[in-house]
Amino acid sequence: MFYLESLLIKGFRNYHYQQLQFNPRLNIICGGNAQGKTNLLESIYYLSVTRSFRTRRDQELVNWEEPLFYLKGIFYKYDLRNSIRISYRKNAQLKVKVNDKAVSRYAHLQQFPIVVFSPDDVLLIREGPSIRRRFLNLEASRLSPQYFEELRAYQRVLQQRNNLLKKLYGRGSRQINELLEPWDETLVSLGSNIIHTRVKIIKYLEKEGKVFFENMTSSRETISLEYAASVEYSEAFNETKEIFRRRLEKAREIEIRKGSTVVGPHLDDLKIMINGYDSRKYSSQGQKRTAALSLKMAEVSLFRKEHNDCPIILLDDVFSEFDEKRKMHLLDFLRDNSGQCFISTAIGIDNLLESISSDYKTISIHQGRASDEVSRPGN
Ligand code: ATP
Ligand code: MG
């Protein structure tokens with residue numbers, strides 16, 4: 001089982017110094033608005049992934065009155081105790097230590113499976129393609145170090161190729177082809193790998209997401225996912241490469257005029273459809289939230305499959321916007337999922353939670369401090 005046993009937070013968001021012990025099964029973080037509930041979940045997520053689910057700028061995470069933040073957690077993984085320590089000082093590099101050994105934040109990314117659902121996840125459905133590409137890239141990188149390396153290499157090649165394209169305007173076509181060919185070869189090969197990994201993940205997310213979504217809507221609605229690629233990919237890897245290569249050749253003139261690469265996975269999108277219609281354009285707020293939650297719960301099963309165990313689940317304010325039926329289905333899911341779960345809420349939900357597990361802990365947050373810790377041992 002994966003679980004976080006304890007956490008020490010220093011100088012993170014509105015926390016100055018806080019020590020916490022958690023229940024291995026269920027933890028309820030309660031308190032009024034703007035007290036630090038989401039901040040606490042964010043610190044747990046950061047400890048596991050070295051990233052926030054709210055911002056890409058680590059500076060924002062440092063308490064306004066402090067020079068640095070420090071997080072220390074005791075994380076159990078397959079019954080082994082791991083101590084994770086992370087510190088960040090403004091304008092300096094992040095330091096990560098696992099069991100007293102320094103590790104890179106990229107190596108840390110795949111180690112401690114955790115899934116978060118927050119109100120901002122609805123942006124996954126509502127916003128433009130780049131947020132969904134980021135979602136796919138992060139999920140794939142957390143599952144596979146190879147994907148992460150390929151993505152970094154692809155982005156480097158893309159940058160260099162774009163720089164070259166800007167210098168080619170007005171040159172003869174033979175020279176242009178000679179100069180571009182080596183870049184094209186690497187771009188095509190890395191890009192096709194990226195496409196294939198994304199498609200594999202999307203298929204899995206669709207399969208699992210469908211089940212969750214249909215349960216949430218009592219089988220009245222259905223969700224489907226489609227990889228919207230700028231290169232028509234094929235099941236056969238070499239064929240995708242060939243198509244990608246031909247598309248690049250065709251796009252030569254446009255690319256030189258624009259000074260940038262106009263085909264490839266850096267432009268692709270994940271299409272999310274509800275009952276066959278593009279959810280970005282047609283679905284209601286509640287449908288969008290259900291779709292986003294389904295993607296996240298599909299991610300839970302993806303991690304469970306990869307790691308043979310349940311990831312930690314963080315649910316920020318999840319009960320506030322769903323109708324009763326949807327709430328009940330979510331509770332069923334959480335009861336059947338045996339992993340550790342943290343649920344933040346500004347409203348009283350004790351009556352709901354009893355149905356997930358009789359063994360839980362409530363942590364009240366007030367102005368960046370935890371108080372009134374109440375433990376409820378199971379029967
Ligand atoms: P809600 O129920 O409204 O979602 P919350 O309890 O989840 O509230 P948080 O998002 O955790 O609230 O934020 C609590 C407070 O932390 C906010 O008032 C915010 O201004 C403050 N805060 C955010 N970043 C920092 C920071 N870097 N330093 C100090 N305080 C911060
Ligand atoms: Mg909040």
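Bear in mind that the values here come from a model prediction, so they are computed numbers and not experimental data. Counting convention: from 1, in listed order, for ligands and their atoms alike. Index from 1, following the sequence. Computed from heavy atoms alone, side chains included, the values below leave out hydrogens, waters and symmetry copies.
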query = Which residues pass the ring pair (Phe, Tyr, Trp, His ring centres under 6.0 Å) test with Phe112, sequence neighbours left out?
reply = Phe75, His108
key: Pair Glu232 + Arg247, salt bridge at N-O below 4.0 Å   = yes
Enumerated ligand 1 atoms positioned under 4.0 Å from heavy atoms of Asn39 = 9 (P), 10 (O), 11 (O), 13 (O), 14 (C), 15 (C), 16 (O)
key: atom 3 (O) of ligand 1: nearest protein contact (heavy atom, Å)   = Asn33 ND2, 3.2 Å
key: Within the 6.0 Å centroid threshold, strictly below: Tyr46 and Phe53   = no
query = Can you tell me the protein heavy atom closest to atom 4 (O) of ligand 1 and the distance?
reply = Thr38 OG1, 3.9 Å
key: Backbone N/O of Ala370 and side chain of Gln18: donor-acceptor pair under 3.5 Å   = yes
query = Which atoms of ligand 1 have any heavy atom of Gly32 under 4.0 Å away?
reply = 6 (O)
ask   = Any idea which atoms of ligand 1 are less than 4.0 Å away from a heavy-atom of Arg54?
value = 10 (O)
request  = Determine whether the side chain, the backbone, both or neither of Val62 has a heavy atom under 4.0 Å from any heavy atom of ligand 1.
outcome  = backbone
task = Under 2.8 Å from the Mg ion (ligand 2), which protein N, O or S atoms are there? Could you list them by chain and number?
result = Thr38 OG1
ask   = Which class fits the ring pair Phe12 and Phe69: parallel under 30°, tilted 30 to 60°, perpendicular over 60°?
value = perpendicular
task = Return a yes/no value for Asp317: is any of its N or O atoms, backbone included, closer than 3.5 angstrom to an N or O of ligand 1?
result = no
key: Contact (N/O only, under 3.5 Å) between Ala34 and ligand 1   = yes
remark   = Contacts of Asn99 meeting side-chain contact (heavy atoms from CB on, under 4.5 Å) (sequence neighbours excluded), chain-then-number -> Asn82, Ser83
ask   = Is there a nitrogen or oxygen of Gly36 sitting under 3.5 Å from a nitrogen or oxygen of ligand 1?
value = yes
request  = Give the residue and atom name of whichever protein heavy atom lies nearest to atom 20 (O) of ligand 1, and the separation in Å to one decimal.
outcome  = Trp64 CH2, 3.5 Å
query = Would you say His366 contacts ligand 1, with heavy atoms under 4.0 Å as the rule?
reply = no
message = Please classify the Glu60 to ligand 1 contact at 4.0 Å (heavy-atom distances, strictly less than): side chain, backbone, both or neither.
response = backbone
query = At the 4.0 Å heavy-atom cut-off, does Pro119 count as touching ligand 1?
reply = no
key: Glu235 bridged to Lys203 by N-O distance under 4.0 Å   = yes
ask   = So does Arg85 pair up with Asp100, basic N to acidic O under 4.0 Å?
value = yes
ask   = Which residue and non-hydrogen atom of the protein lie closest to atom 21 (C) of ligand 1, and at what distance in Å?
value = Asn14 CB, 4.0 Å
query = Any idea how Phe322 and Phe117 line up, ring-wise: parallel (<30°), tilted (30 to 60°), or perpendicular (>60°)?
reply = parallel
Atom pairs and distances, donor-acceptor, side-chain atoms in residues 304-314, under 3.5 Å, two or more places apart:
residue	atom	partner	partner atom	Å
Arg304	NH1	Asn337	OD1	2.8
Asp309	OD2	Met1	N	2.8

Ionic contact status for Arg245 with Glu185, cut-off 4.0 Å = yes
key: NZ/NE/NH1/NH2 to OD/OE distance under 4.0 Å, Glu249 and Arg246   = no
inquiry  = Tell me whether Arg54 is salt-bridged to Asp316, with the criterion being a basic N under 4.0 Å from an acidic carboxylate O.
reply    = no
